[in-house]
Amino acid sequence: MEQKSVAPALTRGLTILEIVAREGAIGFNELKEKMDLHATTVNRLIKVLMDKEYLAKDQNNKYTLGIKFLNLSSQETLWNKIIQKLHNSMKEINEKYGITVLLTSLDKDKATVIYKIIESSNLGMLEVGNTHYDLMNFPWGILYIAGQDKEKQEELIKKSYADPSRNMNVVDRKDIDKLIVEADIEKHVDDKGWFFNGRRFAVPIFLSNGKLIGALCSGSNKENLKDISIEDVINDMNKAVEGL
């Protein structure tokens, strides 16, 4: 039985966050059962937590911890520092080329959008807090796949092909392999616009020990790239992440 609280809604919200943190990802029905509350009440609590970015939904329609948790422990977290260092460069790339620029984390076979500077007249790309597991469908995911051994690469690629939730073109495996080679050798990925009516780019972000932790990414509708040098875009992105 739920104990009485001076702030029952807050207590219930915190309980939801504790459950999601413990489970990693959880569906609505399972969460409702664990909370032992009416569906309407759980929906209302979830809506507030998602609006405030304490919860997010993954591609399997399950709830995960949201982007706000990256900022809770300290104002000097790793990603806060990276955002502070990259903000001006991301804004410059956005204004110079008229494209949306993203910062994504890469860890535990998933990618999460950490920060975003949008070009509203162009390709909007994913929302901040979005977590996705079909890594093959994204240039930053290709960077992650390229850093894995062959067995793990096969696992991640098969998982992406099998995912029915992403409305993108089915790209031939030979072309996926070309992108992986590009990521491994060139240390960037240009998805060539193969996946949908947009073209996206990603350059890796490494820790000082060489561990890949994320990527600086950008994207545009294809028609808006006619007068833009792709090489210049990628060079400016690489310059932005140098020395992080």
> Can we say Glu23 and Lys62 salt-bridge, meaning some charged N sits less than 4.0 Å from an Asp/Glu carboxylate O?
Replying inline: no

> Measuring from Met90:CE to Thr100:OG1, what's the distance to the nearest 0.5 Å?
Replying inline: 10.0 Å

> Between Leu37 and Lys32, is any pair of side-chain heavy atoms under 4.5 Å apart?
Replying inline: no

> Measuring from Thr41:OG1 to Arg12:CZ, what's the distance to the nearest 0.5 Å?
Replying inline: 6.0 Å

>> Can a side-chain donor-acceptor contact be found between Asp107 and Tyr144 if the only test is distance below 3.5 angstrom?
In response: no

>> Between Arg199 and Asp190, is the salt bridge (charged side-chain N to carboxylate O under 4.0 Å, His left out) condition met? List the steps.
In response: CA-CA 7 Å; Arg199 189 168 176 177; Asp190 168 6; 2.6 Å; yes

> Taking side chain as C-beta onward, heavy atoms only, is Ile213 less than 4.5 Å from Phe206?
Replying inline: no

> Regarding Asp236 and Tyr97, is there a side-chain donor-to-acceptor distance under 3.5 Å anywhere?
Replying inline: yes

> Can you check whether Glu127 reaches Val113 side chain to side chain, under 4.5 Å on heavy atoms?
Replying inline: no

> Are any non-hydrogen side-chain atoms of Trp79 and Leu103 less than 4.5 angstrom apart?
Replying inline: yes

> Same hydrophobic cluster for Val181 and Leu143, using side-chain heavy-atom links shorter than 4.5 Å among ILVMFWY?
Replying inline: no

> Should Val233 and Phe201 be marked as a side chain to side chain contact (heavy atoms under 4.5 Å, CB included) after you check the CA-CA gap, both sets of side-chain angles, and the distance that decides it?
Replying inline: CA-CA 8 Å; Val233 173; Phe201 320 100; 4.2 Å; yes

> Under 3.5 Å, is there a donor-acceptor pair linking the side chains of His132 and Asn130?
Replying inline: yes

>> The test is side chain to side chain contact (heavy atoms under 4.5 Å, CB included); show your working for Glu155 and Glu151 and say whether it passes.
In response: CA-CA 6 Å; Glu155 175 190 331; Glu151 183 178 351; 5.9 Å; no

> Are any non-hydrogen side-chain atoms of Phe28 and Ile46 less than 4.5 angstrom apart?
Replying inline: yes

> Does Phe138 reach the side chain of Arg200, with side-chain heavy atoms less than 4.5 Å apart?
Replying inline: yes

>> Quick check: is Leu207 connected to Trp140 through a chain of hydrophobic side chains (ILVMFWY, heavy atoms under 4.5 Å apart)?
In response: yes

>> Quick check: closest heavy atoms across Ala56 and Gly129, and the distance to 0.1 Å?
In response: CB-O, 3.4 Å

>> How about CG on Asn197, more than 12 heavy atoms from neighbouring residues, nucleotides or ligands closer than 6.0 Å, or not?
In response: yes

> Hey, is the main chain of Ile117 close enough, under 3.5 Å, to the side chain of Lys91 for a donor-acceptor pair?
Replying inline: no

> Would you say Ser218's side chain and Val101's backbone share a donor-acceptor pair under 3.5 angstrom?
Replying inline: no

> In terms of hydrophobic clustering (I, L, V, M, F, W, Y; side-chain heavy atoms under 4.5 Å; direct or indirect links), are Val203 and Ile230 co-clustered?
Replying inline: yes

> Do the side chain of Thr104 and the main chain of Gly214 share a donor and acceptor less than 3.5 angstrom apart?
Replying inline: no

>> Within this structure, what is the CD1-CE distance for the pair Ile142 and Met136, rounded to the nearest 0.5 Å?
In response: 7.0 Å

>> If I take atom CD1 from residue Ile26 and atom CG from residue Leu31, how far apart are they, to the nearest 0.5 angstrom?
In response: 5.0 Å

>> Does this structure show an ion pair linking Lys159 with Glu154, if we count only N-O contacts that are shorter than 4.0 Å?
In response: no

> Can you check whether Val171's main-chain N or O pairs, donor with acceptor, with Asn169's side chain at less than 3.5 Å?
Replying inline: no

> Taking NZ, NE, NH1 and NH2 as the nitrogens, is one of them in Lys239 or Glu242 under 4.0 Å from a carboxylate oxygen of the other?
Replying inline: no

>> Please determine whether side chain to side chain contact (heavy atoms under 4.5 Å, CB included) holds for the pair Leu102 and Leu216, giving the CA-CA distance in whole Å, both sets of side-chain angles, and the decisive distance to 0.1 Å.
In response: CA-CA 6 Å; Leu102 298 180; Leu216 180 61; over 6 Å; no

>> Thr40: which residues meet the side chain to side chain donor-acceptor pair (under 3.5 Å) condition with it, sequence neighbours left out?
In response: His38

>> For Gly219 versus Leu123, what's the shortest heavy-atom pair and its separation?
In response: C-CD2, 4.0 Å

> Do Asn137 and Asp134 get their side chains close enough for a donor-acceptor pair, meaning under 3.5 Å?
Replying inline: yes

>> Is there a side-chain contact between Ile205 and Leu86 in this structure, where contact means two heavy atoms from C-beta onward sitting under 4.5 Å apart?
In response: yes

> Glu182 versus Leu179: any side-chain heavy-atom pair under 4.5 Å?
Replying inline: yes

Side chains of residues 15-22: which donor-acceptor partners sit under 3.5 Å, not counting sequence neighbours?
residue: Thr15; atom: OG1; partner: Thr11; partner atom: O; Å: 2.8

>> Keeping Tyr161 on the side-chain end and Val170 on the backbone end, is there a donor-acceptor pair under 3.5 Å?
In response: no

>> Could you measure the distance from the OH atom of Tyr63 to the CG atom of Leu49? Nearest 0.5 Å is fine.
In response: 10.5 Å

> Short question: side chain of Lys110, backbone of Thr131 - any donor-acceptor pair under 3.5 Å?
Replying inline: no

> So, Asn122 and Ser220: side-chain donor and acceptor under 3.5 Å apart, yes or no?
Replying inline: yes

> Just by modelled atom types, is the Ile99 backbone N or O under 3.5 Å from a matching donor or acceptor in the Asn94 side chain?
Replying inline: yes

> Are Met237 and Ile118 joined in one hydrophobic group, where the rule is that I, L, V, M, F, W and Y side chains link up if heavy atoms are under 4.5 Å apart?
Replying inline: no

> Between Gln148 (side chain) and Gln153 (backbone), is there a donor-acceptor pair under 3.5 Å?
Replying inline: no

> If you round to the nearest 0.5 Å, how far is CD of Glu95 from CD1 of Ile93?
Replying inline: 11.0 Å

> Is the number of heavy atoms from other residues, nucleotides or ligands within 6.0 Å of CD (Glu223) greater than 12?
Replying inline: yes

> What are the two closest non-hydrogen atoms of Val241 and Pro204, and how far apart are they?
Replying inline: CG2-O, 3.9 Å

> More than 12 foreign heavy atoms under 6.0 Å from CG of Asp227: is that the case here?
Replying inline: no

> Would Lys152 and Asp109 pass as an ion pair if we require N to O under 4.0 Å?
Replying inline: yes

>> Let's go through Ile157 and Arg173 carefully: what are the C-alpha distance in whole Å and the side-chain angles of both, what is the deciding distance for side chain to side chain contact (heavy atoms under 4.5 Å, CB included) to 0.1 Å, and is it a yes or a no?
In response: CA-CA 9 Å; Ile157 290 170; Arg173 175 57 192 272; 3.6 Å; yes

> Apart from Val48 itself, what residues make up its hydrophobic cluster when side-chain heavy atoms of I, L, V, M, F, W and Y under 4.5 Å apart count as a link, directly or indirectly?
Replying inline: none

> So, for Ala9 and Leu45, which heavy atoms are closest and what is the spacing to 0.1 Å?
Replying inline: O-CD2, 3.8 Å

>> Are there over 12 heavy-atom neighbours, none belonging to Lys158, within less than 6.0 Å of that residue's NZ?
In response: no

